[in-house]
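Quick notes on the structure that follows.
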Amino acid sequence: MTTADAVVIALYLLGMLALGWAISRRVTSFSDYFVAGRRMTAPLLVCTLVSTYYGLDVLLGTSEVSYQEGVVAWFAYARPYYLVILVAAFTVARRLRQYRFLSLPDVGAQFYGRGTQAVLAVASFLYSLPILGFMGMGVVLDVTLGIPFVWGVLLGAGVSVAYTILGGLLADALTDTVQFVLMTVTLGVAAAMALGHIGGVDVLRERLAPSFFRPTGTYPVGVLVVFALAALSAFVEPAFYQRIFAARSYRAVVVALLVGIVLWAAFDWVVAIVGMTARAEGLSTEPRYALLELTIRSLPVGAKGLFVAGVLATAMSTVDSYLLIAGGNLAYDLYRPLARRPLRDHQLLTLTRWMIGVAAVATIVLALFFRTVVSAWIFMSTIMAAAGFVPIVGGLYLKRLATPTAGFVSSVTGILVAGAYYALVHVFGAFDPEWATQIWRIEAGGVSAALWQEYALLFALPASVAGFAAVGAWERRRGG
Amino acid sequence: VSALAFWTWLAIGTLVAVPPVVFAFFLRDARGILRDIEADDGPTDGGGAA
């Protein structure tokens with residue numbers, strides 16, 4: 001990296017701060033702040049949806065899987081999400097637009113009351129803490145500029161927190177538009193240059209094993225099923241919900257999601273191919289950083305700085321959105337219903353800004369505490385889906401069973417079963433270095449089973465469905 | 001051209017060409033969104049659906 005590259009990165013960070021400051025002067029109400037006054041049009045939604053949903057977990061995680069396994073990273077892990085988002089666009093999104101919700105826990109409050117709202121708020125808060133984003137920014141600034149990890153985390157987080165606190169969702173969305181263009185275009189150019197460097201795409205077939213081009217790779221069937229099931233979390237994605245509520249119209253949501261699916265598919269595919277290119281190049285690095293090292297090696301001076309700014313943009317566009325949601329969960333979803341006197345609009349606005357700061361501090365503490373971040377992230381996703389999927393879909397489509405107790409029992413059962421499963425796998429299982437995860441191997445009566453910690457949702461979702469159906473049916477019978 | 005090369009270059013082309021077009025459409029809308037927010041005082045309570 002040269003001085004020119006460092007200047008490009010510094011200009012990017014200052015530009016984000018300036019944008020947040022400019023927006024803050026225009027935001028006067030909580031609705032303006034939290035859902036951009038429900039004025040977001042399709043192009044703005046495309047930019048913010050695509051950039052928010054894709055953070056460093058996708059950029060580094062997908063390239064890591066493709067570096068080790070090949071195109072299965074796209075076919076098995078990424079593709080189910082497009083299908084779920086497509087279904088959600090024409091079902092859940094349409095139904096949600098019939099209400100005046102501001103947040104995902106609002107859905108719980110509408111159908112089941114404060115208990116379920118509080119459970120969903122806690123699950124959403126935990127899910128939204130951008131631990132991986134904070135750590136990723138620290139790693140990127142360390143690898144590229146030599147800034148010590150802790151200072152990198154504080155610098156990246158500090159800039160994201162500052163403009164999010166200042167301008168809310170609109171600042172988040174406007175910075176997302178710049179970050180969206182930066183992250184997609186720089187990735188496309190970097191991939192083209194890296195592929196040109198090795199002599200074209202088809203060279204990959206000559207240098208890599210045939211299993212790299214098998215859509216199912218070498219994963220066990222159970223893991224492929226879990227990958228597909230994990231995509232259901234898109235149905236209870238807090239950022240996805242916030243953007244549906246912030247949209248100017250339902251049509252804008254559908255257009256944005258359809259364009260978004262095309263862009264997500266292209267982004268995932270290119271990231272997967274770059275990961276495979278790094279492997280074909282014989283790059284001996286930690287798989288997670290293969291994409292970073294390959295592209296930085298392939299790009300000329302100046303373009304490197306632009307690419308690092310693009311990588312930071314990928315992280316920051318996710319970090320800002322989820323910090324806003326986590327702050328909103330504390331102020332709007334948890335504190336506001338418990339306050340003795342109704343909060344005035346400006347009080348709620350101020351409190352949310354403070355809570356974003358609290359969420360940022362909680363994230364920094366966890367980012368420095370957790371060593372296996374991916375495991376922590378999978379756990380949080382599982383908790384979110386286990387707590388929210390059944391009560392939300394039940395409230396929207398099974399109103400006859402959706403009693404307050406059914407929603408609460410379903411939500412709590414999902415969390416408890418997921419938590420208990422994780423506890424059992426960690427107490428009785430062991431870390432498997434081959435798959436880099438915790439696995440509990442059981443043998444009884446000549447039958448053996450390998451229970452991965454990632455299977456928690458396979459148990460939690462049916463338990464949540466059973467709790468919802470049993471309590472809903474019982475209360476219905478008792479009531480009528 | 002192999003299928004692998006075709007889809008890869010199509011994906012790269014999509015990443016490089018589509019976002020600037022979306023951004024151009026966004027610029028058309030942005031001024032109106034900011035003007036609307038400046039003109040509107042917004043709700044006076046912290047109410048949502050709950």
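Residue numbers begin at 1 in each chain, while the letters A, B, ... track the order of the sequences. Note that the structure is a prediction, hence the values are computed from the model and not measured.
Within the 4.5 Å cutoff, the side chain of B:Leu4 has heavy atoms near those of the A:Ile273 side chain. A heavy-atom distance below 4.5 Å is not found between the side chains of A:Val201 and B:Ser2.
For A:Leu263, the parts sitting under 4.5 Å from any heavy atom of chain B are the backbone and the side chain alike. For A:Arg205, the part lying under 4.5 angstrom from a heavy atom of chain B is the side chain only. Using a 4.5 Å cut-off between heavy atoms, A:Ile23 contacts chain B through its side chain alone, with no backbone atom that close. With a 4.5 angstrom heavy-atom cutoff, B:Trp9 touches chain A only via side-chain atoms. Using a 4.5 Å cut-off between heavy atoms, A:Phe245 does not touch chain B at all.
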task: Take A:Leu195 and B:Ile12 through the test side-chain contact (heavy atoms from CB on, under 4.5 Å) and record every step on the way to the result.
output: CA-CA 11 Å; A:Leu195 285 169; B:Ile12 288 174; 3.9 Å; yes
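The one candidate from A:Leu174, A:Thr48, A:Thr41, A:Val46 that meets the side-chain contact (heavy atoms from CB on, under 4.5 Å) condition with B:Phe26 is A:Leu174.
Most heavy-atom pairs under 4.5 Å with chain A: of the set B:Val16, B:Val21, B:Leu15, this distinction falls to B:Leu15. The choice from A:Phe213, A:Phe180, A:Phe34 that makes the most heavy-atom pairs within less than 4.5 Å of chain B is A:Phe180. Each of A:Val50, A:Thr177, A:Val262 has some count of heavy-atom pairs under 4.5 Å with chain B, and the biggest count is that of A:Thr177. Of the residues considered (A:Gly188, A:Ser103, A:Gly108, A:Pro337), A:Gly188 shows the highest number of contacts with chain B, using heavy-atom pairs under 4.5 Å.
Remark: A:Arg207 pairs with A:Glu281 by the salt bridge (Lys or Arg N to Asp or Glu O under 4.0 Å) rule, at least two apart or across chains.
To the nearest 0.5 Å, atoms OG1 (B:Thr8) and CE (A:Met276) are separated by 8.0 Å.
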